[in-house]
Amino acid sequence: MTKDTRTRFAPSPTGFLHVGGVRTALFAWLVARQNNGKFILRLEDTDQAREVEGSAEHVLKSLKALGLNYNEGPDIGGEFAPYKQSERLDVYKQWAQKLIDSGRAYADPYSREELQQFREQAQAEKKPFLYRNHRPENPPAWDGSQPLRFKSDPKPYQWHDEVMGDLSTGSEVIDDFILIKSDGFPTYNFAHIVDDAEMHISHVIRGQEFISSQPNYLNLYEALEIEPPVLATMPHIMAATGGKKLSKRDGAKDILDYTKSGYLSEALVSFIATLGWNDGTEQEVFTTDELIAKFSLDRVHKSGAQFDDKRLEWVNGQFIRKLDIGKLYELSTDFWPNVGSDADTEYKQKVLALAQDRMKTLNDLRQFGYFFVDPPVNMELIDSNKQVSKLSPERRAELIQQAHDALQNSEFTPEAIQETLNQLLETTGEKPGILFSLIRIYTTWAAFSPQLNDTLALLGKETVLRRLQQV
RNA sequence: GGUCCCAUCGUCUAAUGGUUAGGACAUCAGGUUUUCAUCCUGGCAAUAGGAGUUCGAUUCUCCUUGGGAUCACCA
């Protein structure tokens with residue numbers, strides 16, 4: 001009988017959720033989903049000093065924004081509640097007692113200063129520092145005021161990691177480590193092992209910062225007589241791009257910043273999943289359902305990847321283009337320019353239909369104020385336009401007047417407008433690059449806009465004629 | 001420094017002994033008879049270096065170099 005798949009994401013509330021954290025969470029989520037398993041969220045808040053106010057809520061919000069819903073968690077409870085380590089202190093005490101009883105844990109009698117001296121001494125002798133070389137012969141009884149330390153059993157280890165493959169280390173990396181701190185809280189090293197066992201976690205998927213501690217965890221699993229879960233270690237995502245240092249540490253950026261700037265959650269998910277993973281085909285973009293069907297840990301790269309904003313932008317555009325207008329409208333609620341926020345749904349959907357093919361992020365909607373109110377005249381646009389700037393002011397006025405008169409008699413469907421504009425080319429003898437640019441600028445006062453005839457049709461005859469007489 | 005891991009175009013990657021080393025992003029050029037964008041066509045661009053195994057190495061082994069992780073009463 002195979003165990004039920006139960007994966008977990010176990011962040012500590014010490015800041016926002018960045019891209020690397022999201023990827024770890026995403027892969028754990030995918031493994032759970034594809035095996036009809038459960039995805040558990042656990043808060044590892046055992047370091048009171050580092051805890052950042054509000055960051056737990058921030059993490060929950062980030063996961064929800066990305067659609068990485070969990071089956072059990074601190075805010076929704078579950079069979080093994082509580083899911084917050086600070087509320088499970090008695091659980092760790094019980095497991096610690098087992099270790100004390102079996103002689104595998106002891107009270108650490110040394111002060112931090114004494115420990116520091118041991119380290120410096122080892123360094124001076126150019127020997128690696130091992131706490132177990134300083135194990136007290138007759139440790140005091142543990143009364144909770146000293147740290148409780150694990151008594152390790154040094155030996156070589158070899159184990160399998162779903163991503164990294166077969167790994168091995170010698171016994172020299174095995175050492176005694178602290179289980180319970182003198183403030184009564186467990187260390188990560190102890191708490192996560194206890195909780196993963198208590199919560200029946202089948203796969204531990206985490207970042208590479210833990211890989212060098214793995215043999216010590218294996219040692220602890222043995223002492224606790226716990227069967228280790230399936231292990232998978234994710235390589236880090238590089239913070240900087242290329243050789244040049246970026247001021248924005250893009251890989252370390254808050255994931256919510258991306259959703260706030262108009263990136264779709266499914267685009268983010270697809271992009272992050274393919275940072276270090278692909279299915280072996282030439283497919284570049286994946287829906288979340290495809291990811292659930294195709295993802296596998298053994299195809300995750302062992303090497304770290306760099307975050308490329310341009311590629312994310314492209315992926316996002318791909319997803320925006322696939323959306324139907326109703327869905328796009330729903331997602332775009334917060335991204336309209338202020339002047340358009342009260343406009344009616346039907347009109348906004350028409351704007352979206354025009355804009356959809358040119359959008360990279362939902363934020364691009366902000367530039368479409370001219371669809372809602374008359375934009376301010378900006379002669380700079382005339383001067384900076386290579387072709388239009390060559391026209392004399394008189395000729396410009398003349399052309400605009402002709403355009404006005406011609407459009408006045410147009411039926412104002414996109415087709416009729418195109419027809420009118422084409423005729424205008426003939427009667428004025430101007431090139432499209434000049435005439436159309438001129439009309440486009442006078443009606444939108446924007447550096448660019450969607451296709452001219454469609455834009456004019458949506459704006460409506462009255463508005464277009466008014467704007468043509470504005471200057 | 002010790003230990004562990006990694007190394008294909010600028011970036012994300014495909015190819016696990018036999019390919020002109022493929023795709024995508026970015027970039028450049030052209031097209032879609034207005035701009036920006038979309039879309040289409042084409043160009044540029046990589047196996048870090050050195051030994052070895054082999055008829056044949058991106059692929060297997062070793063060394064070098066480079067990068068990452070870790071060595072806390074942090075996670």
Side-chain angles (χ1 to χ4, degrees), chain A residues 10-14 44-47 49-50 85 108 110-112 115-116 119 122-123 126-130 146-149 161 163-165 167-170 172-173 175 177-189 191-192 206-215 233 235-236 238 241-243 271 274-285 301-315 317 321 355-360 364 367 381 385-388 421-422 425 430-441 444 446-453:
Chain A
S12 60
T14 52
E44 313 231 311
D45 58 341
T46 55
D47 186 351
R50 287 207 316 155
Q85 291 187 326
D108 180 344
Y110 299 113
S111 68
R112 288 168 209 254
L115 247 25
Q116 188 52 33
R119 278 195 195 92
Q123 198 175 14
K126 295 204 193 299
K127 288 196 295 196
F129 170 73
L130 283 171
Q146 325 92 326
L148 184 70
R149 206 174 269 272
D161 184 290
V163 172
M164 293 298 173
L167 302 171
S168 61
T169 54
E172 72 280 0
V173 304
D175 198 11
F177 57 89
I178 289 179
L179 301 167
I180 309 260
K181 300 180 274 185
S182 55
D183 65 2
F185 281 73
T187 58
Y188 167 85
N189 301 142
H192 90 271
R206 78 221 312 183
Q208 74 167 317
E209 64 267 34
F210 299 110
I211 201 165
S212 52
S213 312
Q214 196 54 249
T233 301
H236 267 21
M238 307 294 168
T241 302
F271 174 75
T274 53
L275 220 47
W277 174 86
N278 75 83
D279 69 345
T281 71
E282 286 182 352
Q283 185 168 349
E284 305 286 346
V285 174
H301 275 215
K302 296 180 186 178
S303 55
Q306 284 184 38
F307 190 96
D308 182 2
D309 268 318
K310 288 282 191 201
R311 193 176 168 86
L312 205 212
E313 241 181 30
W314 175 78
V315 171
R321 241 140 273 142
Q356 185 172 28
D357 277 353
R358 64 187 47 241
M359 290 168 67
K360 289 220 160 108
D364 292 344
Q367 64 189 291
L381 288 170
N385 186 300
K386 268 188 215 137
Q387 308 215 60
V388 174
L421 292 174
N422 286 340
L425 286 176
E430 292 292 349
K431 287 180 186 163
I434 292 183
L435 183 68
F436 291 176
S437 292
L438 190 64
I439 297 173
R440 200 181 56 73
I441 292 173
T444 65
F448 40 78
S449 67
Q451 198 164 296
L452 185 57
N453 60 334

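A quick note: this is a predicted structure, and the numbers were derived from the prediction, not measured. Labels below follow one simple rule: chain letters A, B, ... track the order of the sequence lines, proteins then strands, and each chain is numbered from 1.
Residues A/Gly170 and A/Lys310 each lie close to RNA chain B; by heavy-atom proximity, the contact nearer the 5' end of the strand is made by A/Gly170. Of the residues near RNA chain B, A/Arg321 and A/Glu209, the one whose nearest nucleotide (by heavy atom distance) lies more toward the 5' end is A/Arg321.
Residue A/Pro147 places its side chain closer to B/rC73 than to any other of B/rC74, B/rC73, B/rC25. Of the candidate nucleotides B/rA24, B/rC73, B/rU3, B/rA24 has the atom nearest to the side chain of A/Arg311. Taking the side chain of A/Leu452 as heavy atoms from C-beta on, and the options B/rU34, B/rA75, B/rG68, the nearest nucleotide is B/rU34. Of all nucleotides listed (B/rC6, B/rU11, B/rC25), B/rU11 comes nearest to the side chain of A/Gln306. Of the candidate nucleotides B/rU34, B/rC73, B/rG22, B/rC73 has the atom lying nearest to any side-chain atom of A/Ile178. The side chain of A/Ser303 approaches B/rC6 more closely than any other nucleotide in the set B/rG10, B/rC6, B/rC73. Closest to the side chain of A/Gln451, from the set B/rU34, B/rA24, B/rU13, is B/rU34. The listed nucleotides are B/rA75, B/rG68, B/rC5; the one nearest the side chain of A/Leu167 is B/rC5. Among the nucleotides B/rA69, B/rA14, B/rC12, the one closest to the side chain of A/Gln208 is B/rA69. For A/Arg50, whose side chain is taken as the heavy atoms from C-beta onward, the closest listed nucleotide among B/rC25, B/rU70, B/rC74 is B/rC74.
When the C1' atom of B/rU34 is taken as reference, atom CZ of A/Arg440 falls 8 Å away, rounded to whole Å. Distance, A/Phe271 CZ to B/rU11 P: 14 Å, rounded to whole Å. Separating the CG atom of A/Asn189 from the P atom of B/rU70 is a distance of 13 Å, rounded to the nearest angstrom. With rounding to whole Å, A/Asp161 atom CG is found 10 Å from B/rC5 atom C1'. If you measure from atom CE of A/Met359 to atom C1' of B/rC39, you get 18 Å, rounded to the nearest angstrom. One interatomic measurement links the two molecules: CG of A/Asp308 to P of B/rG10, which rounds to 13 Å at whole-angstrom precision. When rounded to the nearest whole Å, the span between CG of A/Leu275 and P of B/rG68 equals 17 Å. Here B/rU3 presents its P atom at 13 Å from CG of A/Leu130, a figure rounded to the nearest Å.
Using a distance-only test at 3.5 Å, with no hydrogens or angles considered, no donor-acceptor pair links the side chain of A/Asn278 to the main chain of A/Thr274. Looking only at distances, a side-chain donor or acceptor of A/Thr187 sits under 3.5 Å from a matching main-chain atom of A/Ile178. Of the possible donor and acceptor atoms, none in the side chain of A/Lys181 sits under 3.5 Å from a partner among the backbone N and O of A/Leu148. One N or O on the side chain of A/Gln283 and one on the backbone of A/Val285 form a donor-acceptor pair closer than 3.5 Å. Side-chain N or O atoms of A/Arg149 include none that pairs as donor or acceptor with a backbone N or O of A/Ile180 at under 3.5 Å.
Within the structure, every side-chain polar atom (N or O) of A/His301 is placed at least 4.0 Å from both OP1 and OP2 of B/rC5. For B/rA75, the OP1/OP2 oxygens have a side-chain nitrogen or oxygen of A/Thr46 closer than 4.0 Å. Between A/Lys181 and the phosphate of B/rA75, there is a side-chain N or O to OP1/OP2 separation shorter than 4.0 Å. Look at A/Arg206 and you won't find any side-chain N or O under 4.0 angstrom from OP1 or OP2 of B/rA75. Distances shorter than 4.0 Å separate none of the side-chain N or O atoms of A/Asn278 from OP1 or OP2 on B/rU13. When the side-chain nitrogen and oxygen atoms of A/Lys302 are compared with OP1 and OP2 of B/rC6, one or more of them lie within a distance under 4.0 Å.
For A/Thr169 and B/rC4, a side-chain-to-base donor-acceptor distance below 3.5 Å is absent, hydrogens and geometry of angles not being considered.
No more than 12 heavy atoms of other residues, nucleotides or ligands sit less than 6.0 Å from atom CD of A/Gln123.
As judged by a 4.0 angstrom heavy-atom cut-off over every strand, A/Ser449 is placed among the base-contacting residues. Counting non-hydrogen atoms under 4.0 angstrom, A/Phe210 reaches a base of the nucleic acid. Using a 4.0 Å heavy-atom cutoff across all strands shown, A/Glu44 reaches sugar-phosphate atoms only and no base atom. At a threshold of 4.0 angstrom between heavy atoms, the contacts of A/Ser182 include nucleobase atoms, whether or not backbone atoms are also involved. Within 4.0 Å (heavy atoms only), A/Pro235 reaches no atom of the nucleic acid at all.
Taking atom P on both nucleotides, B/rU13 is separated from B/rC71 by 26 Å, rounded to a whole Å. Going from the C1' atom of B/rA14 to that of B/rC28 covers 24 Å, rounded to whole Å. Comparing the same atom, P, in B/rG49 and in B/rG10 gives a spacing of 13 Å after rounding to whole Å. Taking the P atoms as reference points, B/rU38 lies 34 Å from B/rU20, given to the whole Å. Here, B/rG68 and B/rU61 have their P atoms 24 Å apart, quoted to the whole Å. Atom name P, nucleotides B/rG43 and B/rU58: the rounded distance is 24 Å, in whole Å. Annotation: B/rA51 and B/rC44 have their C1' atoms spaced 33 Å apart (nearest Å).
Nucleotide B/rA14: unpaired (no Watson-Crick or G-U wobble partner with both distances less than 3.5 Å). Figure legend. B/rU8 is base-paired to no nucleotide; pairs are counted as Watson-Crick or G-U wobble with both atom distances under 3.5 Å.
A cation-pi contact links A/Arg206 to A/Phe210, judged by a cut-off of 6.0 Å to the six-membered ring centre and 45° from its axis.
In the model, A/Gln387 has no side-chain atom that pairs as donor or acceptor with a side-chain atom of A/Asn385 under 3.5 Å.
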